[in-house]
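Have a look at the structure below before the remarks.
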Amino acid sequence: STIGLYCRFKILTIITFKDLNMQIILLGAPGAGKGTQAQFISKHLNIPQISTGDMLRAAVANKTELGLKAKDLMEKGDLVPDGLILDLVQNRISEADCSNGFLFDGFPRTLEQANALKDREVKIDCVIEIMVDDDEIIERMSGRRVHPASGRTYHIKHNPPKQNNIDNETGEALIQRPDDNEETVKKRLSIYHEQTYPLFEFYKGLSSKKLPTNYVEINGIGGIDDIQLQIINNIEKLR
Ligand code: AMP
């Protein structure tokens, strides 16, 4: 009957909507594997990956006003001011492809940014923290190679491309990020400990007050597939 058909359609749209609409934050030190895992999650849930780092690098490459302001700070390993980042993110999440959810990768980085999300009542379903200690991070960053156009990352030992220094999907050359040298990595790690680490307590606090934010800790040492599986399993529990 028409009513039966309508009901089935309605149920289907509700289920589909619920399935897709997830707003997730991926936390972790630079080099913890956020970018790599973000690409899997984004494909798995069919939601866009919002990497403020990638957006800033694109702005720098295109020499936009934002890019000109951010360039030196990024090269030195310093954070870009909260106001600039918040405008960037606000504009991005109001785009059509974000209406069914999104995944933040590398944002928020400061308590100010996290509080701004809360004040603007941006719903966060899940915060996933990837834990890796500093020594491992330094080893990883020095071997990291990036495909600039897509943000795809590789590691010369742990996740090498099929062909030396060539992106698997486009055949284009890989680069080493200018801020991936050891000295800058150490500075980024210390900024991370001072400014980003407090976010763990912030989001743990939110989830314990039974607000709908779930908080998940993942051990970031191990095989990429293994870590991916742990993350996907945790996300599936929330569906
Ligand atoms: P990432 O690729 O996430 O490591 O970011 C590279 C650089 O971009 C950082 O070292 C910062 O200079 C800048 N950046 C990226 N995301 C943020 C953010 N949420 N807040 C401030 N600065 C950021």
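One-based numbering, in listed order, for ligands and for the atoms of each.
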Tell me: protein heavy atom nearest [atom], and distance?
atom                    : value
atom 17 (C) of ligand 1 : T52 OG1, 3.7 Å
atom 9 (C) of ligand 1  : R109 NH2, 3.4 Å
atom 14 (N) of ligand 1 : L56 CD1, 3.4 Å

Region of V80 that comes within reach of ligand 1 [heavy atoms, distance under 4.0 Å]: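 Both backbone and side chain.
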By the definition side-chain contact (heavy atoms from CB on, under 4.5 Å), identify the one residue from L84, I85, D105 that meets it with T52.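 Per the side-chain contact (heavy atoms from CB on, under 4.5 Å) rule, the option paired with T52 is I85, out of L84, I85, D105.
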Side-chain H-bond candidate by donor/acceptor type, Q113 with D82, under 3.5 Å: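 Distance-only check passes for Q113 and D82.
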Please state which option from E112, M55, M74 has its nearest heavy atom closest to atom 7 (C) of ligand 1.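 Answer by nearest heavy atom: M74.
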Is it true that [X] and [Y] make a salt bridge, defined as a side-chain N closer than 4.0 Å to a carboxylate O?
X    : Y    : value
K187 : E183 : no
D97  : R92  : yes
E217 : K204 : yes

Is there a heavy atom in K34 that sits closer than 4.0 Å to ligand 1?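 No heavy atom of K34 comes that close to ligand 1.
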With atoms numbered from 1 as shown, which atoms in ligand 1 lie under 4.0 angstrom from a non-hydrogen atom of [X]?
X    : answer
R188 : 4 (O), 10 (O)
G106 : 16 (N), 17 (C), 18 (C), 19 (N)
D78  : 11 (C), 12 (O)
Q113 : 18 (C), 19 (N), 20 (N), 21 (C)

Nearest-0.5 Å distance, CG of residue D167 to OH of residue Y154: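 Going from CG on D167 over to OH on Y154, the span is 3.5 Å.
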Rounded to the nearest 0.5 Å, how far apart are CZ of R120 and CG of L117?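 So the CZ of R120 and the CG of L117 are separated by 8.0 Å.
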Trace of the salt bridge (Lys or Arg N to Asp or Glu O under 4.0 Å) decision for R188 with D180: CA-CA 9 Å; R188 288 164 66 200; D180 275 353; 3.0 Å; yes
Return yes or no for this condition: an N or O of [X] is under 3.5 Å from an N or O of ligand 1.
X    : value
L79  : no
D54  : no
P30  : no
R177 : yes

K162 backbone acceptor or donor facing N168 side chain under 3.5 Å: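 Flag set: sc N168 to bb K162 pair under 3.5 Å.
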